[in-house]
Amino acid sequence: MAVLVVAEHDNAELKDPTFNTVTAAAEIDDDAHVLVAGAGCRAVADAAAAIAAVRKVLLVDDAAYEHRLAEAMAPLLVSLADGYDAVLAPADTFGKDLMPRAAALADAAQISDIQEVVSPDTFVRPIYAGNALATVRSPDATKFMTVRATAFAAAEATGGAAPVEETASAGDPGLSTYVGSEVSGKERPELASARVVVSGGRGMQSGDNFRLIENVADRLGAAVGASRAAVDAGFVPNDYQVGQTGKIVAPELYVAVGISGAIQHLAGMKDSKVIVAINKDEEAPIFQVADFGLVADLFDALPELEKELEKIGL
Amino acid sequence: MKVFVAVKRVIDYNVKVRVKADGTGVETANVKMSMNPFDEIGVEEALRLREAGKAEEVVAVGLGPRQCQETIRTALAMGADRGIHVKTDAELQPLAVAKLLKAVIEEERPGLVILGKQAIDDDSSQTGQMTAALLGWPQATFASRLDIGNESARVTREVDGGLETVDVKMPCVVTTDLRLNEPRYASLPNIMKAKKKPIDEKTPEELGVDAAPRLETLRVTEPPGREAGIKVESVAELVDKLRNEAGVI
């Protein structure tokens, strides 16, 4: 049976985690469909149709879905779910908000944050901040799940030519209204999908000092992240947070600066390909997961790192 | 207005969790248990609403075995007025918790329900959304700011890439994010007072809810470990290794 992926987008472009979610869908069943619900979002549907692994795109173009609020989206999902083995969305704030609501309306369990498809009804998901992995089986006819994007490769964005089928709106239940958004300064790559991430912790001592991190990040074309301690201390906004209750990242290179390495933080970055830790405390637990550790004062090391990167032309 | 807060008893966030050798779960014997940190933020927010004159009563609801009463008592010691304990020894999954909460909410008719955005044990992040769905109420998840009006609430949400503000009709379900507030500690006099505050006991059977688990956990395993690497002596050596050995810059 087919699998439906709920596209995450901004009415103009598909968001990166959608591509990883399509890969997870195709592992469950070859017949992967994508739902694009939004307002004036035809271009997004066309982009979804071009993904090689996608067999069909459902387009629901209605003002009710302009901001994809869960109160409107969940009944739409339930109206379409019949006949699907599974309905998937990325396990980010979009999917986490929407999927439990849809599952409950369908009287189905929801499986959060799957990182492996064992069989079409059995999945592996992290619990306890990734300190344990649970293999769970669902008996539901349609399974509602969120997908850990970093655990699946991104699907090929081109090569497909799936039909786009216009589908009826389920209307706006009128429970919630979008007021506005405040996007944090993002000339940088998105944290969750960046190739390189440079993160600062409590050791940064202030928000102003994050300038040192940004200078290095600029050289590397990196996203900037932070530990919960740095967010708690008010150095940087919450959407910088990497960890159990923040973002999960798995870049090629993760540089942890002034981060001690609490399990809650490790949960968010330990699947990175190469981990670098810079910390003046030799005993910091972050060194236990780091491929390359540098015991140094970050206020010396960061400017020096910036210079060394400049030397090699970055 | 009456405010409901749900409080979950979880393994304390400082405990290093260990997987049981037989693969059936994690070790909970002789392990320190605490209130889920996001639920503490929920209790705090409810208390602030009461202190601001926007709520009259704060009710803490806990679900699970007998020991959950300790967690409810913690909420009472922080300042909640009374507790409700839905008592069961069975495993509770988010859908069942949402059904039980719905049943209690329909009996008690609070104007606002606050939950943590996620429990740090199963990391599901589902119960608030499911409860809202079953009640047909709006949900304001991952809240970092909450302004309660008569007809609606304006909520700022922590979303990927920044903040989003929504208006939701009352009554509604709110789930808390980190920056909503900083929870208070219970004072000793309040801990003493909390011992006298009432906790009502109910069972899933009395509430007419089938709370049986839906998902079957086949096994729980340790994740693959990560080996510690090497220490470098200088920034120059670090850059050299990253470029010529790891090939990532």
Side-chain angles (χ1 to χ4, degrees), chain A residues 69-71 74 92-93 96-97 100-101 104-105 109-113 122 126-139 175-184 186 220 231 238-239 244-245 252-253 270 274 276 287-295 301 304-305 308-309 312 314, chain B residues 13 16-17 19 26 93-95 98 118 120-126 129-130 132-134 137-139 141-142 144 154 158-169 177-179 214-223 226 228-232 235-236 238-239 241-243 246 248-249:
Chain A
L69 298 178
E71 291 83 354
D92 49 20
T93 53
K96 286 182 191 171
D97 185 43
R101 188 172 182 101
L105 291 179
Q110 197 239 289
I111 309 179
S112 297
D113 219 11
T122 304
I127 54 176
Y128 293 96
N131 285 302
L133 300 176
T135 303
V136 296
R137 181 157 63 202
S138 167
L175 293 170
S176 54
T177 320
Y178 174 84
V179 178
S181 292
E182 215 179 285
V183 179
S184 11
K186 280 290 158 68
L220 293 168
V231 172
N238 191 65
D239 60 301
Q244 179 186 18
T245 63
E252 295 271 298
L253 172 61
K270 67 181 161 60
V274 173
V276 169
F287 287 119
Q288 290 164 19
V289 299
D291 299 282
F292 301 106
L294 176 65
V295 181
E304 207 185 317
L305 179 55
E308 289 291 332
L309 292 173
I312 59 169
L314 292 176
Chain B
Y13 77 101
K16 169 89 179 107
V17 171
V19 173
V26 302
Q93 293 178 354
L95 183 61
Q118 160 179 357
I120 61 165
D121 50 4
D122 62 20
D123 286 332
S124 287
S125 192
Q126 298 176 7
Q129 297 88 311
M130 287 184 152
L134 297 178
W137 292 7
Q139 63 189 44
T141 51
F142 325 135
S144 63
R154 177 157 291 191
E158 303 267 7
V159 295
D160 295 327
L163 301 172
E164 177 181 281
T165 303
V166 290
D167 282 342
V168 291
K169 284 197 173 153
D177 214 322
L178 197 57
R179 294 197 298 174
R214 198 67 77 79
L215 300 177
E216 185 189 355
T217 300
L218 302 180
R219 62 188 164 272
V220 174
T221 53
E222 290 237 26
R226 196 176 170 114
I230 58 160
K231 291 259 170 66
V232 293
V235 172
L238 174 65
V239 170
K241 296 257 189 233
L242 290 178
R243 168 144 275 199
V248 288
I249 61 171

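By convention in this document, chain letters (A, B, ...) are assigned in the order of the sequence lines, proteins followed by strands, and residues within each chain are numbered from 1.
- Pairing each heavy atom of B:Val220 with each of A:Ala132, the nearest pair is CG1-CB, 3.8 Å.
- Donor-acceptor pairing under 3.5 Å is lacking for the side chains of B:Asp167 and A:Thr177.
- The two atoms that bring A:Phe292 and B:Leu242 nearest to each other are CD1-CD2, 3.8 Å, heavy atoms only.
- Only the side chain of B:Leu178 comes within less than 4.5 Å of a heavy atom in chain A; its backbone stays farther off.
- Of all the heavy atoms in B:Met130 and A:Pro100, the pair that sits closest is CG-O, 3.3 Å.
- Considering CD of B:Gln129 and CD of A:Glu71, their distance stands at 10.0 Å, rounded to 0.5 Å.
- B:Pro94 does not touch chain A: none of its heavy atoms, backbone or side chain, sits under 4.5 Å away.
- Scanning both residues, B:Gln118 and A:Gln244, for their nearest heavy atoms gives NE2-O, 3.4 Å.
- Taking CD of A:Glu304 as the start and CG of B:Leu238 as the end, the distance is 10.0 Å to the nearest 0.5 Å.
- With a 4.5 angstrom heavy-atom cutoff, B:Leu215 touches chain A via backbone and side-chain atoms both.
- For chain A, the nearby parts of B:Val248 are the backbone and the side chain; heavy atoms of each come within less than 4.5 Å.
- Only the side chain of B:Arg179 comes within contact range of chain A, judged by heavy atoms closer than 4.5 Å.
- The parts of B:Leu163 that come within reach of chain A are both its backbone and its side chain, each placing non-hydrogen atoms under 4.5 angstrom from that chain.
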Test A:Ser112 against B:Gln126 for side chain to side chain donor-acceptor pair (under 3.5 Å), laying out the working first. CA-CA 8 Å; A:Ser112 297; B:Gln126 298 176 7; 2.8 Å; yes
